[in-house]
Amino acid sequence: MGVFNKSDDKYMGYLSSINKPQDLKKLSFDELGILAEEIRLFLLDSVSKTGGHIASNLGVVELTLALHRVLDTPNDKIIWDVGHQTYVHKILTGRKDQFHTLRQLDGLAGFPKTQESAYDAFNTGHSSTSVSAALGMARARDLKGEDYAVVAVIGDGALTGGMALEALNDAGISKTNLLIILNDNGMSIAQNVGGLSRYLSRIRLRPFYYRTRESVQSFVDSWPKKGKRFRSFLHRGKSAIKSLFVPAMFFEDLGLRYYGPIDGHNIKEMVNAFEQAKSMKGPVLIHVTTVKGKGYTFAEKKPAAYHGIAPFEIETGNLKKRGAKNYSDIFGEKMCELALKDERVIAITAAMTEGTGLADFRSLYKNRFFDVGIAEQHAVTVAAGLAMGGTKPVVAIYSTFLQRAYDQILHDVALQNLNVVFAIDRAGVVGDDGETHQGIYDISFLYTIPNLAILSPASPNELRAMPEYDLTEHQGPIAVRYPKGSDHEFDGSELPFEFARGTLLKKGEDVTLIGIGHMTGIALKAAELLEKQGVSCDVINPRTLRPADDELILSSAKKTGKVFVIGDVIKNGGFGSYVTELINNTGTGAPVTVLGLPDKGIEHGKRELIYKKYGLDAEGIKKCVMGT
Ligand SMILES: Cc1ncc(C[n+]2csc(CCOP(=O)(O)OP(=O)(O)O)c2C)c(N)n1
């Protein structure tokens, strides 16, 4: 299918009359098919302006229509795994008119939010949680004697996360009524990986319809049940026959009824299957196959590039603005350089090759690159094993997803003081993706982990020296955390990197400003504003947050008598707390103010607007220092 013609408004008829899911029940299957095309146009028109997860949403248009056609939401509950594919659901559940505000401050969130709509049954953002949440909700329903359907929609990518398998293991023996829709497009963000993914591809190639399963089941069930040896022989025979005809024995053997694969772009077929499943007892898994990016040529051809995308031109598929070289690019370049010099250097990603800048590394060093799937915990312990085996592993994970692997960092890496490098991308406020994706907790939780050093560059260029130090000189685990994008107010790369040494970027008498990572540049800007008010500032770039440059911090605190630690991270328990304790314990007497984010979820919106809202822009810092 080609690029849609935006001016073709013959398609806008049905969508304008859909304000709630019940409105879908009036439409025929043909009309639903036309509505699906209208929704695609609407999605493209809107997401090309706001940016967002276009490819996954184009892929689930028919699936979402079929679900809402069959279910009685919000009484029935849908839990969307990751939740990046809920745009169609939002459009159908009364949020069409606000859709242009998607991912903007005070606008619609890019993920399900129970606070936003009664139709959003559970908040998601991190992968592989849907089956657990759905099972819990189904159990609560049963215990309370209530009656509604609970449905988890999980992608094949999300199925590679350990939690999803833990949940299937539990759901299989649960006997509770639970519907799991496996939305299989063969893709995670990029091509899906691993044995489970290969297993699903094999099933996709054997498209037996769900009716076959029923007939095979009743056929084998009709066999006689007498005699012990005969029974055991029959049991083996039944399994063999079933495995010939029922494609997904894995799910069946876990205790789930499996139906599929079903064409996830055929509304009628899905509606029939969902209706049957709704009336069944026990946990049921329906496997639907979809095409990521469906209907928009560019996204179908390059689904990874259109997974999460900045504003783009519909006609060409090109981004409206190309950014400068960002932190992830520089990290990726540096990794390639270091791998060339030392063949022990290994890169590990948990399904984020492109996002973490490792695509070139993957091409150049295939044998030393591991995409482990959406499995952050496993990624970290694999790294521990690789370090134990004498290689030099670097695990690149977004700050927010590293939360998953807290115990693996502590138990498997840090307590054994292994040489594992953690490249923590998207640290700090991430902006559009919002609450579930903010990288604002890492310093605080990493500060509790023994033996772990933490670095934080103030600019993309300042990052250059850090992986080199980590891989050639450092002994023990080390994390380098850096933000999204390329924005920075100050370069700093000309100052050579020295472990555990900060740099004094500006000398003053009245106050000390310490900026964490790229907040250093914003602190410098605040210092300029403060100079105009007659307040002169020491500005420190700490670079190593742990072990910190105590000497530099204390000497400045003694001189100015007033310290401000500024970070786009939560205030509690991190570097700000460390500096406060340091100064208190050494009797310097300088009051320390920590400027950061409050102890609550931080919403979505452009990063600058979030900074402004929480007083973390230069003006906000100036005001805080002046006490105005
Ligand atoms: C714990 C965690 N790690 C990484 C991600 C980033 N991420 C978002 S969507 C996605 C791929 C999901 O693939 P799939 O479930 O198949 O959904 P699709 O987009 O293909 O529909 C990844 C890796 C995440 N959301 N959560």
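Whatever order the structure lists ligands and atoms in, that order sets their numbers, starting from 1. Position 1 is the first residue of the sequence, and the numbers go up from there.
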I'd like to know whether the aromatic ring centres of Phe401 and His126 sit less than 6.0 Å apart in this structure. yes
Suppose we call two aromatic rings close when their centres sit under 6.0 Å apart. Are Phe111 and His437 close by that rule? yes
Starting from atom 13 (O) of ligand 1, which protein heavy atom do you reach first, and at what distance in Å?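 The protein heavy atom lying closest is Ser188 CA, 3.5 Å.
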Which residue and atom name correspond to the protein heavy atom nearest atom 3 (N) of ligand 1, and how close is it?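 Checking every protein heavy atom, the shortest distance to atom 3 (N) of ligand 1 gives Glu376 OE2, 2.6 Å.
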May I ask you to identify, for His307, whether its side chain, its backbone, both or neither come under 4.0 Å of ligand 1 on a heavy-atom basis? side chain
Heavy atoms only, cut-off 4.0 Å: how does Ile189 contact ligand 1, side chain, backbone, both, or neither? both
Give the numbers and elements of all ligand 1 atoms closer than 4.0 Å to a heavy atom of [X].
{"X": "Asn185", "value": "18 (P), 20 (O), 21 (O)"}
{"X": "Ser56", "value": "18 (P), 19 (O), 21 (O)"}
{"X": "Lys292", "value": "18 (P), 19 (O), 20 (O)"}
{"X": "Gly157", "value": "13 (O), 14 (P), 15 (O), 16 (O)"}
{"X": "Ser127", "value": "1 (C), 2 (C), 24 (C), 25 (N), 26 (N)"}
{"X": "Gly155", "value": "14 (P), 15 (O), 16 (O)"}

Using heavy atoms and a 4.0 Å limit, tell me yes or no: is Gly125 in contact with ligand 1?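 Distance cut 4.0 Å: Gly125 passes for ligand 1.
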Do any nitrogen or oxygen atoms of Arg404 lie less than 3.5 angstrom from nitrogen or oxygen atoms of ligand 1?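 It does not: no N or O of Arg404 is found under 3.5 Å from an N or O of ligand 1.
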Regarding Lys268 and Glu62, does a basic nitrogen lie under 4.0 Å from an acidic carboxylate oxygen?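 No, no charged N to carboxylate O under 4.0 Å.
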Salt bridge flag under 4.0 Å for residues Asp156 and Arg204: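 No salt bridge links Asp156 with Arg204.
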Any chance you could lay out the side-chain contact (heavy atoms from CB on, under 4.5 Å) test for Asn57 and Val47, step after step, and finish with the verdict? CA-CA 10 Å; Asn57 281 285; Val47 179; over 6 Å; no
Taking Lys96 for the side chain and Phe42 for the main chain, is one N or O donor matched with an acceptor at less than 3.5 Å? no
Looking only at non-hydrogen atoms, the one of Val82, Thr400, Ile374 nearest atom 8 (C) of ligand 1 is Val82
